[in-house]
Amino acid sequence: MKLNYKIIFHFLGLLLLFNGGFMLLAALISLVYKDGVTLQIFLAGITTLLIGLLMMVLTRNHNKEMNKREGYIVVAFGWIIMSLSGTLPYVLTDSIPSFTNAFFETISGYTTTGASILNDIEVVPKGVLFWRSLTHWIGGMGIIVLAIAILPLLGIGGMQLFAAEAPGPSADKLHPRITDTAKRLWLIYFGYTAAETIFLQLAGMSFFDAINHSMATLSTGGFSTKNASVAYWNNQPIIQYIIILFMFLAGTNFVLSYFAFKGKIQKIIHDEEFKLYFKFIAIFTLIAALIIYFRADVSLSSVDHPMVWGEAESAFRHGLFQVLTVITTTGFISADYTLWTPFLTVFFFGLMFLGGSAGSTSGGVKVVRHLMLIKNGFLEFKRTLHPNAILPVRYNKRAVSGDIVFNILGFFILYMLSFIIGSLGFSMFQLDFESSIGLAASTLGNVGPALGDFGPVNNYAALPPLAQWWASFLMLIGRLELFTVLILLTPFFWRNR
């Protein structure tokens with residue numbers, strides 16, 4: 001079956017329309033704050049809109065049937081074309097004149113990685129900073145999921161796209177129609193963003209800082225408007241606790257948030273992934289907080305004054321904040337955890353491989369996959385003793401098909417191979433061992449802060465240009481959970497069948 005290129009380009013044009021519309025919103029913010037770059041951002045938006053409109057007009061007479069192959073192409077290339085067009089506000093405003101740096105910053109935004117090459121964030125015009133946060137917010141839930149909410153207007157079914165955009169082990173749907181699912185997800189996403197913005201304002205943040213940090217939190221992205229990230233507000237613990245709450249929600253399956261609003265609390269309480277996610281956070285926070293309290297000096301790694309609420313509270317807050325920001329792959333910083341103890345440095349490096357829940361905006365392997373791997377590992381002991389017994393892996397009291405278990409095993413092996421190859425790739429650019437493995441784990445897991453020369457208080461400006469492209473590739477495959485991108489690199493995918 002030949003690929004329907006017209007529908008692919010038609011949909012990519014639609015994505016550019018969305019991107020251009022969001023750029024015009026950033027131009028409006030630029031106008032409100034009078035930062036001097038309104039015209040440049042406006043031109044970026046109009047250019048993107050016109051290219052998108054031209055692509056849609058030229059391909060308007062397309063076959064409206066979309067198969068799975070075309071769905072994968074649209075998702076993977078959709079992310080690339082969004083990132084390419086998303087560089088325009090940076091380049092035209094001269095905020096990031098280098099195209100390589102601009103592309104890195106943009107794809108870091110869309111993939112919600114939060115790795116930045118900007119040395120002084122606070123001098124960047126407000127319209128550009130708002131656009132930077134918008135790339136997070138768009139990528140967080142997925143521009144594809146947003147787009148399929150209006151696909152019925154075009155007469156196109158979107159199930160293939162949703163499968164490619166969210167290829168995790170579970171396919172919970174809030175509504176039988178995928179369009180309604182997308183609308184409900186975005187409504188929850190928007191509602192959480194608005195709520196956090198209000199809470200942060202009430203806690204003392206300016207409106208601009210509040211909305212930018214809310215978009216970065218709910219997308220689990222981590223771009224901040226301050227050079228010190230959230231450590232800027234270390235003397236205002238209530239602000240950090242608000243961000244902690246919404247990081248937790250962002251790392252939770254959004255389907256569970258829907259059930260909570262419908263009053264179906266039992267579904268949340270009995271969800272195995274949520275219970276393990278909560279236990280992980282509680283246990284890891286306890287470990288980190290105790291070590292910080294007894295062994296580390298927080299004042300060396302932040303501008304915190306522990307006596308604001310007490311040393312014990314400060315240790316607990318920093319432990320909880322850093323555990324959540326790494327597990328949910330948000331990447332905010334309240335302190336430089338690499339200065340605490342060597343154990344905690346390795347500890348947080350290990351957490352980069354955990355990830356939040358499936359159906360959340362987090363990156364990483366995801367908690368449900370770890371849960372399945374652990375359960376299947378224990379069942380292998382039983383199968384060794386009882387080779388003829390039928391012992392299926394169970395999740396939420398239901399047997400999981402062998403295909404899903406094999407898919408998870410394959411994903412985990414592929415993820416670790418990607419990490420090893422990613423580390424080797426960085427080492428070829430003369431980076432030391434600690435920096436190489438830190439960069440690979442951070443970019444593949446969409447975490448943001450890495451280790452070594454690219455740790456929490458540093459940025460990615462020192463990364464060589466070719467290494468930035470390598471990092472961009474790892475961010476992309478990590479965000480789209482490997483298969484969606486890597487399948488495009490196989491010869492049989494492109495064969496006409």
Side-chain angles (χ1 to χ4, degrees), residues 112 140 166 168-170 172 174 185 188-189 191-192 195-196 199 217-220 222 237 240-292 312-313 315-332 334 337 344 347-348 350-378 393-398 400 408 445-447:
T112 74
S170 62
D172 289 319
L174 316 184
L185 291 174
I188 294 167
Y189 190 58
Y192 277 157
E196 187 184 355
F199 288 143
T217 304
L218 267 302
S219 64
T220 65
Q240 295 185 349
Y241 281 118
I242 291 168
I243 292 174
I244 282 169
L245 170 63
F246 284 95
M247 278 197 294
F248 176 81
L249 291 173
T252 307
N253 191 333
F254 271 68
V255 174
L256 296 184
S257 289
Y258 176 79
F259 289 145
F261 291 126
K262 296 288 284 185
K264 298 177 180 178
I265 305 301
Q266 291 298 316
K267 278 185 171 286
I268 301 170
I269 294 171
H270 296 301
D271 185 81
E272 288 189 56
E273 183 187 30
F274 179 77
K275 287 191 287 188
L276 187 60
Y277 171 65
F278 187 85
K279 287 175 183 174
F280 275 157
I281 291 168
I283 293 167
F284 296 146
T285 297
L286 181 63
I287 294 169
L290 287 173
I291 294 174
I292 293 169
E313 181 279 330
F316 168 76
R317 173 164 43 91
H318 282 294
L320 176 59
F321 191 97
Q322 291 305 145
V323 164
L324 259 175
T325 196
V326 176
I327 286 181
T328 63
T329 71
T330 305
F332 279 140
S334 70
Y337 54 77
L344 283 180
F347 177 77
F348 285 116
L351 293 186
M352 291 181 186
F353 294 89
L354 190 55
S357 305
S360 72
T361 57
S362 300
V365 176
K366 303 292 192 303
V367 172
V368 70
R369 287 195 178 97
H370 289 285
L371 178 62
M372 297 289 198
L373 288 168
I374 292 166
K375 285 193 169 191
N376 190 62
F378 278 112
V393 176
R394 294 188 177 275
Y395 176 67
N396 287 342
K397 297 181 179 179
R398 289 183 295 181
V400 177
I408 291 169
N446 307 129
V447 179

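Because the structure is predicted, anything quoted here is derived from the model rather than measured. Hydrogens, waters and symmetry mates play no part in the numbers below; they use all other heavy atoms, side chains included.
Heavy-atom contacts from other residues, nucleotides or ligands closer than 6.0 Å to NZ of Lys267 number 12 or fewer.
Residues Ile243 and Phe199 form no side-chain contact, since every pair of their non-hydrogen atoms from C-beta on lies 4.5 Å or further apart. Side-chain contact between Phe259 and Asp271: absent, with no pair of heavy atoms (C-beta onward) separated by less than 4.5 Å. Side-chain contact check for Arg317 versus Ser334: every heavy-atom pair is 4.5 Å or farther apart. Residues Asn253 and Phe274 form no side-chain contact, since every pair of their non-hydrogen atoms from C-beta on lies 4.5 Å or further apart.
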>> What verdict does the side chain to side chain donor-acceptor pair (under 3.5 Å) test give for Ser360 and Tyr277, after you've listed the backbone C-alpha separation in whole Å, the side-chain angles of each residue and the deciding distance to 0.1 Å?
In response: CA-CA 12 Å; Ser360 72; Tyr277 171 65; over 6 Å; no
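Under the 3.5 Å distance criterion, with hydrogens and angles disregarded, a donor-acceptor pair is assigned to the side chains of Thr217 and Glu196. Judged purely by distance below 3.5 Å, without hydrogens or angles, the side chains of Tyr189 and Thr361 never pair a donor atom with an acceptor atom.
Residues Ser219 and Gly140 come closest through the heavy atom pair CB-CA, 3.8 Å. Heavy-atom minimum distance, Ser357 versus Glu273: CA-OE2, 3.1 Å. Closest of all the heavy-atom pairs between Lys397 and Arg394 is O-NH1, 3.8 Å.
With rounding to the nearest 0.5 angstrom, the CD1 atom of Ile408 is 4.5 Å from the CE atom of Met372.
Relative ring orientation between Tyr337 and Phe348 is described as tilted, the plane-to-plane angle lying within the 30° to 60° band. The aromatic rings of Phe261 and Tyr192 are tilted relative to each other, their planes meeting at an angle between 30° and 60°.
Each of Thr220, Leu249, Ile281 was scored for a side chain to side chain contact (heavy atoms under 4.5 Å, CB included) with Thr328, with one residue passing: Thr220.
Listed for the Thr325 side chain is a donor-acceptor partner under 3.5 Å among the backbone atoms of Phe332. Between the His370 side chain and the Phe353 main chain, a donor and an acceptor come within less than 3.5 Å of each other. Checked by atom type and distance alone, the side chain of Asn396 pairs as donor or acceptor with a backbone atom of Glu272 at under 3.5 Å.
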